[in-house]
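Here's the structure we're looking at; comments come further down.
Below, read A as the first sequence line, B as the second, and so on, with proteins coming before strands; counting in each chain starts at 1.
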Number of protein chains: 2
Amino acid sequence: MVADLPSPREQVLRTALRLFTEQGYFNTSVHDIARMAQVSIGSIYHHFKDKEGIAKALFEQLVTRMGAAFDAIEDAHKTAHDRCHAVVELLFRMTEAEPAVMAYMLHAQHQEFMPGELPVCSSRPFTQMRAMATAGMDTGEMRRMDPLVAATCLFGGPIRMISLRLDGILKNPLPQYLDEVWSASWRSVTA
Amino acid sequence: MVADLPSPREQVLRTALRLFTEQGYFNTSVHDIARMAQVSIGSIYHHFKDKEGIAKALFEQLVTRMGAAFDAIEDAHKTAHDRCHAVVELLFRMTEAEPAVMAYMLHAQHQEFMPGELPVCSSRPFTQMRAMATAGMDTGEMRRMDPLVAATCLFGGPIRMISLRLDGILKNPLPQYLDEVWSASWRSVTA
DNA sequence: GTCTATATCCAGATAGAC
DNA sequence: GTCTATCTGGATATAGAC
């Protein structure tokens, strides 16, 4: 038996992720994608409505993946502290393993090429993160503060680290900063 | 005596800032700028080498402005605590007063349309912020940690708040969160 | 479902009069 | 320095055979 080759649809999404993050959405032509994915233009337009459709499908795929990963974290850990810590650890590891995924989720200005769509930080993974923070205040693990402020204090530093890493400012892999960053973040929200 | 009308160059920069942040660089044509700035295309290309030249000039102008504002803060305050606090306060006030300026500095993926330029977070204002954090460790106001981590802990939360505000997630003006956010940030870097 | 060839459009940039 | 008119390339998207 023979392993299936990746479907053209998958090939296109994979290639689009790479090119969109390396060169930007607007600097990437559909021809570029076709060429690098070894698929014809016609085939792309058969599978996707238009160029924006590629970006949307890609975004949904990644949002779903991250959402599932966060669900798993909620199952595996019960305190807000452990859940939020696990989220940051996951994000840091993912940034190293699949920088393009993180870049597409964080950096891209989706509103510019997917007009009418909600901004990234309204997507489910971000909502989940905010819910975890809020839960921590309800259980008393964290001190009472504005919910959005709480989430921002917990995750703002780590997310900023990811940006610096993606921009090449941080030379070392993120996980080695995990303890230092996390203890600072947690300290900022406890009584 | 009559007030000078804004020079065409200024008009173009003003308009470009507005359109680039509202619609994005690639969704804005030079014709759009010409029309809204009430200047002819030819005139634009007389003052700027090309479209990218507009973006670069705009960026330099804003970087210079922020750099000067930060210099003033360094003059007016002597401790790292007071300086960093003043920076966050300034950024929060600026986000409300001139959201487009903050959006262009923070949100825009400049690498996409100014290839070869250094990323935003290598620009002087960001360097100044990191230097202030480092100074705070030297004076003993802050505990010792990796310099980049320290800066990120101090400013990552506030910057994230600005993003949320620019994206319309935060409904209230930033200054009203200043105390809560700042005390959390500072707490995260002190012994 | 996949391909090639092509239509259509519009952006960036220039020429050259005033 | 400013303007209008124009050139030109390249992008998105489609047509229609296989």
For [X], which residues count as a side chain to side chain contact (heavy atoms under 4.5 Å, CB included) partner, sequence neighbours excluded?
X      : value
B:T139 : B:E141
B:R187 : A:R143, A:R187
B:A68  : none
B:E117 : B:K56, B:M114

Atom pair distance, as rounded to whole Å: NZ in A:K51 and P in D:dA13
8 Å
Within residues 7-18 of chain A, find the residues that approach DNA chain C with a heavy atom at under 4.0 Å, and present them sorted by residue number.
A:P8
For [X], what residues pass the side chain to side chain donor-acceptor pair (under 3.5 Å) criterion, not counting sequence neighbours?
X      : answer
A:Y104 : none
B:E60  : none
A:W182 : A:H81

Sorted by number, residues from residues 30-45 of chain A placing a heavy atom under 4.0 Å from DNA chain D are A:V30, A:H31, A:I41, A:Y45
Where does the chain A footprint on DNA chain C start and end, counting 5' to 3' with a 4.0 Å heavy-atom cut-off?
C:dG1 to C:dT4
What pairs meet the ring-ring contact (aromatic ring centres under 6.0 Å, His included) rule with one or both residues in residues 27-61 of chain B, with sequence neighbours excluded?
B:F59-B:H110
With A:R165, which residues qualify under salt bridge (Lys or Arg N to Asp or Glu O under 4.0 Å), at least two apart?
A:E96
Look at the aromatic rings of B:F20 and B:F113 and report parallel, tilted or perpendicular, splitting at 30° and 60°.
tilted
